[in-house]
Amino acid sequence: MKRFAVAFTGPSGSGKTTLVEKISNVLIQQKEVAIIKHDPKDKAIFDTEGKDSHTLSQTGAEVVITSPTRTTYFSQRNKELEEIIRLFNHFDILLVEGLKTLPLPRIAIFRNSIEESYLSCSEAIAIDQTINISEYNIPENIDILDLNNTTQVIEWINKHAKEV
């Protein structure tokens with residue numbers, strides 16, 4: 001089975017999660033989709049305090065919570081991409097939000113302004129009408145995508161995603 005991955009990066013509030021959600025909602029109709037979201041500021045909350053799953057996740061152990069409708073994996077350890085991929089096991093496309101050091105084809109997302117520091121680690125940018133592209137010096141090898149055109153972004157992914 002061939003499995004592919006692509007990554008998304010950009011400043012906080014640029015719309016990364018929204019775009020990944022839109023893309024996932026389309027792709028999941030025909031493919032098995034997996035998502036990794038980087039949480040660099042440790043802001044994600046894993047359940048409600050006082051519940052068993054929260055109590056167990058706070059022990060520092062690797063914890064799997066399973067139910068009739070889902071399985072949730074809690075880890076207190078950093079995982080390399082290869083380890084995370086093995087956890088998913090079956091997927092067709094992996095969408096990674098953040099983790100800009102991973103060697104994956106990457107779309108940088110911007111609203112209002114482009115932070116040029118992201119261009120060195122991106123193969124494409126997705127922007128909306130708030131950005132006047134003529135105000136920036138975008139390298140020729142970077143594709144420019146419409147942030148609000150999910151079909152265009154998915155076509156880019158299908159063409160550029162890396163086999164993992």
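Everything numeric here is computed off the predicted structure, so don't read it as measured data. Keep in mind that the numbers below use all heavy atoms, side chains included, and drop hydrogens, waters and symmetry copies.
The OG1 atom of Thr130 sits 4.0 Å away from atom CG of Asn112, with the distance rounded to the nearest 0.5 Å. Taking CD of Glu116 as the reference point, atom OG of Ser122 lies at 12.0 Å (rounded to 0.5 Å). Taking CD1 from Ile127 and CD from Gln129, the interatomic distance works out to 9.5 Å, rounded to the nearest 0.5 Å. With values rounded to the nearest 0.5 angstrom, Lys31 atom NZ is found 14.0 Å from Arg3 atom CZ. The line from NZ of Lys162 to CD1 of Ile157 is 16.0 Å long, rounded to the nearest 0.5 Å. Taking CG of Asn132 as the reference point, atom OG of Ser113 lies at 12.5 Å (rounded to 0.5 Å).
No continuous path of hydrophobic side-chain contacts links Leu94 to Ile107 [ILVMFWY only; heavy atoms under 4.5 Å]. Ile133 is connected to Leu119 through a chain of hydrophobic side-chain contacts under 4.5 Å among Ile, Leu, Val, Met, Phe, Trp and Tyr, so both are in one cluster.
Checked by atom type and distance alone, the side chain of Gln29 pairs as donor or acceptor with a backbone atom of Asn25 at under 3.5 Å. A side-chain donor-acceptor contact under 3.5 Å links Arg111 to the backbone of Ser14. Put simply, the side chain of Lys16 gets close to the backbone of Gly10: a donor and an acceptor are under 3.5 Å apart. Not a single donor-acceptor pair under 3.5 Å links the side chain of Gln30 to the backbone N or O of Leu27. Under the 3.5 Å distance criterion, the side-chain polar atoms of Lys159 are left unmatched by any main-chain donor or acceptor of Ile154.
Within a 6.0 Å sphere centred on CD of Glu163, heavy atoms belonging to other residues, nucleotides or ligands number more than 12. For Lys37, the NZ atom is densely surrounded, since the number of other residues' heavy atoms within 6.0 Å is greater than 12.
The shortest non-hydrogen separation linking Val164 to Ala5 is CG1-CB, 3.8 Å. Between Lys79 and Ile84, the shortest heavy-atom distance links the atoms CB-CG1, 3.5 Å.
Residues Glu80 and Asn78 are in side-chain contact: their nearest non-hydrogen atoms beyond the backbone lie under 4.5 Å apart. At a threshold of 4.5 Å between non-hydrogen side-chain atoms, the residues Ile23 and Val33 do not count as touching. Using a 4.5 Å heavy-atom threshold, the side chains of Phe91 and Ile85 count as touching. The side-chain heavy atoms of Ile35 and Ser24, taken from C-beta on, include a pair separated by under 4.5 Å. The shortest distance between side-chain heavy atoms of Ile36 and Leu81 falls below 4.5 Å.
Listed by chain and number, the residues in a salt bridge (Lys or Arg N to Asp or Glu O under 4.0 Å) with Arg77 are Glu62 (sequence neighbours excluded).
Judged as a ring-ring contact (aromatic ring centres under 6.0 Å, His included), not a single pair has a partner in residues 1-28 (not counting sequence neighbours).
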Show me the donor-acceptor pairs, under 3.5 Å and distance only, between side chains in residues 136-147 and residues at least two apart or in other chains.
residue : atom : partner : partner atom : Å
Tyr136  : OH   : Ile114  : N            : 3.3
Asp143  : OD2  : Trp156  : NE1          : 2.7
Asp146  : OD1  : Asn148  : N            : 2.8

Side chain to side chain contact (heavy atoms under 4.5 Å, CB included) for Val6 and Val96? Distances and angles first, verdict last. CA-CA 6 Å; Val6 67; Val96 178; over 6 Å; no

